[in-house]
Amino acid sequence: MGLALEQARHAYDNGEFPVGCVIVQDNQVIATGKRKGTTEDLPFFSEISHAEIRALRALESMDSSFKPSEAALYSTMEPCLMCFGAIILSGIKRVVYAYEDPMGGGTGCDLSRLPMLYKKSEIEVVSGILRQKSLDLFYKFFNKENNLYWKDSYLEKYTREQKQTGEGV
């Protein structure tokens, strides 16, 4: 998770929403991704270039040594429905995230109620790993004066409340 936080810090340093992701197999990082498309320099925000999707795309350049059932994905924020669906379809069996996404997190969906394509197998989800460090980074992001991404959103309000109440400390 520490390496995912590094990716998130790189995203933050580039003015992006601070989400980072790494995919690990055999105790080695095989792919990384960081959020893109949320800076004020764009004419619109991209809702496709999520850290998890970018890490999954990085796997495309790998040879056949990728074994999804032996891989784990680490993200600094709970994957959204789009990312969680892509993770399930990739065959990765373990997802670990730091900070919950009360506005758009997808890991709590009832997989048994989804179409057959998404019922491929069980997936393990672990939450709260290095949560406070991730929360601190999101809080810092929402306090940037020039930030417009998710400005005044439920996620911003929730993040501020979590910092003020000391949740997860």
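Because the structure is a prediction, the values reported are computed rather than measured.
A donor-acceptor pair is defined here as one N or O able to donate and one able to accept, closer than 3.5 Å; no such pair exists between the side chain of Ser134 and the backbone of Arg131. Of the possible polar contacts, one joining the Thr76 side chain to the Gly20 backbone as a donor-acceptor pair under 3.5 Å is found. Under the 3.5 Å distance criterion, the side-chain polar atoms of Glu100 are left unmatched by any main-chain donor or acceptor of Gly105. The closest donor-acceptor contact from the side chain of Thr38 to the backbone of Phe17 lies under 3.5 Å. Remark: the backbone N or O of Ser65 is paired with a side-chain donor or acceptor of Gln25 at under 3.5 angstrom.
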Assess the residue pair Tyr139 and Gln162 against the criterion (side-chain contact (heavy atoms from CB on, under 4.5 Å)); give the C-alpha distance rounded to whole Å, side-chain angles, the decisive distance to 0.1 Å, and a yes or no. CA-CA 9 Å; Tyr139 184 77; Gln162 293 299 295; over 6 Å; no
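In this structure, Val96 and Glu124 have side chains that are not in contact, with every pair of non-hydrogen atoms separated by 4.5 Å or more. Contact of the Arg54 side chain with the Lys36 side chain is registered, since non-hydrogen atoms from C-beta on lie closer than 4.5 Å. Ile88 places a side-chain heavy atom less than 4.5 Å from the side chain of Ile123. At least one side-chain heavy atom of Gln132 sits under 4.5 Å from a side-chain heavy atom of Lys163. Side-chain contact check for Val95 versus Ser75: every heavy-atom pair is 4.5 Å or farther apart.
At least one test fails for Lys144 against the ring of Tyr149: distance under 6.0 Å to the centre or angle within 45° of the axis.
Under a 4.0 Å N-O distance rule, the pair Arg57/Glu60 qualifies as a salt bridge. Between Glu47 and Arg35 there is a salt bridge, since at least one side-chain N of the basic residue sits less than 4.0 Å from a carboxylate O of the acidic one.
Surrounding CZ of Arg160 are more than 12 heavy atoms belonging to other residues, nucleotides or ligands, all under 6.0 Å away. The neighbour count for Asp110 CG, taken as heavy atoms of other residues, nucleotides or ligands under 6.0 Å away, is above 12.
A search for side-chain hydrogen bond (donor to acceptor under 3.5 Å, both in side chains) contacts involving Gln7 returns nothing, not counting sequence neighbours.
Checking Tyr99 against Thr159 by side-chain atom types alone, a donor-acceptor pair falls below 3.5 Å.
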